[in-house]
Amino acid sequence: MLEELKEKVYKANMDLVRHGLVIFTWGNVSGIDREKGLVVIKPSGVDYESMRPEDMDVVSLTTGEVVEGSLRPSSDTPTHLAIYRAFPEVGGVVHTHSTYATAWAQAGIDLPNIGTTHADYFHKAIPCTADMSEVEVKGDYELETGNVIVRRFEGMNPMHTPGVLVKNHGPFTWGKTPAEAVHNAVVLEQVAKMASIAYTINPKLTMNPLLIEKHFSRKHGPNAYYGQK
């Protein structure tokens with residue numbers, strides 16, 4: 001079942017390792033088949049070196065129940081599902097504990113758009129979610145994590161800023177495919193690193209808003225002209 005999507009999700013998970021975004025088993029990637037209403041996701045706590053495409057779990061988008069797979073799916077599965085349900089254009093979701101992005105999440109502040117690299121991929125600041133309540137933490141925690149992400153994006157286009165910092169936790173990114181979600185995770189980590197260094201050099205730095213619009217629009221939207229047709 002969904003063998004092609006399993007291969008894509010497996011490769012995307014392995015790409016997290018290749019790009020140095022995960023230590024041990026600190027990360028996961030999923031992908032969705034919208035037509036079938038099924039999500040493929042990495043199994044929980046399985047070492048990347050021993051993991052294979054056939055180990056990927058298939059779960060129901062609506063219920064979260066395992067449809068196929070002998071291993072328990074990622075503990076973050078409910079968070080992924082909440083993102084898929086709320087953002088219909090999303091085709092892949094990534095969660096990591098990459099160093100710099102996680103540091104910004106632990107600091108509990110938005111990652112501001114202060115450079116053209118950021119603006120090429122993320123229109124706005126990468127938002128940081130609010131504190132989770134006692135009820136949310138003690139209840140269905142992973143689902144509530146997804147809910148706080150969705151609430152943080154009210155009034156925002158999630159495909160224009162395809163990433164979030166979950167306060168005190170770490171980053172989630174997404175894209176139209178699992179591979180694109182990984183790409184955005186790599187960029188998020190890099191711009192978080194750049195911002196950390198830039199603010200150390202100049203805590204009073206500013207960004208030209210015209211550059212943000214120029215760099216974002218030349219890669220996205222009807223008048224995009226970056227790259228090949």
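Count residues from 1 along the sequence. Only heavy atoms go into these numbers, but all of them, side chains included; no hydrogens, no water, no symmetry mates.
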For the [atom1] atom of [X] and the [atom2] atom of [Y], what is their distance to the nearest 0.5 Å?
{"X": "Trp26", "Y": "Thr102", "atom1": "CH2", "atom2": "OG1", "value": "9.0 Å"}
{"X": "Asn157", "Y": "Glu89", "atom1": "CG", "atom2": "CD", "value": "6.5 Å"}
{"X": "Met194", "Y": "His118", "atom1": "CE", "atom2": "NE2", "value": "11.5 Å"}
{"X": "Phe87", "Y": "Met156", "atom1": "CZ", "atom2": "CE", "value": "9.0 Å"}

Would a hydrophobic clustering, with Ile, Leu, Val, Met, Phe, Trp and Tyr connected at side-chain separations under 4.5 Å, put [X] with [Y]?
{"X": "Met1", "Y": "Ile41", "result": "no"}
{"X": "Val46", "Y": "Val17", "result": "yes"}
{"X": "Phe216", "Y": "Leu111", "result": "no"}
{"X": "Met56", "Y": "Leu16", "result": "yes"}

Worksheet item: Should Glu189 and Lys193 count as an ion pair when the cut-off is N to O under 4.0 Å?
Response: no
Worksheet item: Got a salt bridge between Arg18 and Asp15, using NZ or NE/NH1/NH2 to carboxylate O under 4.0 Å?
Response: yes
Aromatic ring pairing [X]/[Y], orientation class (parallel under 30°, perpendicular over 60°, tilted between):
{"X": "Tyr121", "Y": "His183", "result": "tilted"}
{"X": "His169", "Y": "His97", "result": "tilted"}
{"X": "Tyr84", "Y": "His80", "result": "tilted"}

Measuring only between side-chain heavy atoms, which start at C-beta, is [X] closer than 4.5 Å to [Y]?
{"X": "Trp104", "Y": "Pro112", "result": "yes"}
{"X": "Phe172", "Y": "Val166", "result": "yes"}
{"X": "Arg152", "Y": "Asp110", "result": "yes"}

Provide the closest heavy-atom pair for [X] versus [Y] in the form atom of the first, atom of the second, distance.
{"X": "Val137", "Y": "Met132", "value": "CG2-CB, 3.8 Å"}
{"X": "Val29", "Y": "Pro178", "value": "CG1-CB, 4.0 Å"}
{"X": "Gly64", "Y": "Leu81", "value": "CA-CD1, 3.6 Å"}
{"X": "Met207", "Y": "Thr116", "value": "CE-N, 4.0 Å"}
{"X": "Ile149", "Y": "Ile83", "value": "CD1-CD1, 4.2 Å"}
{"X": "Asn208", "Y": "Leu210", "value": "OD1-N, 2.9 Å"}

Worksheet entry | salt bridge (charged side-chain N to carboxylate O under 4.0 Å, His left out) partners of Arg151, counting only residues at least two apart | Glu136
Worksheet entry | Trace of the side chain to side chain donor-acceptor pair (under 3.5 Å) decision for Asn184 with Thr173 | CA-CA 6 Å; Asn184 290 334; Thr173 58; 6.0 Å; no
Worksheet, complete the sentence: Sorted by chain and number, sequence neighbours left out, ring pair (Phe, Tyr, Trp, His ring centres under 6.0 Å) with Tyr100 holds for none
Discussion item. So, using side chain to side chain donor-acceptor pair (under 3.5 Å) as the criterion, who are the partners of Thr62 when residues are at least two apart?
Written reply: Ser60
Discussion item. Which residue in the set Ile126, Leu21, Val94, Val164 passes side-chain contact (heavy atoms from CB on, under 4.5 Å) when paired with Leu188?
Written reply: Ile126
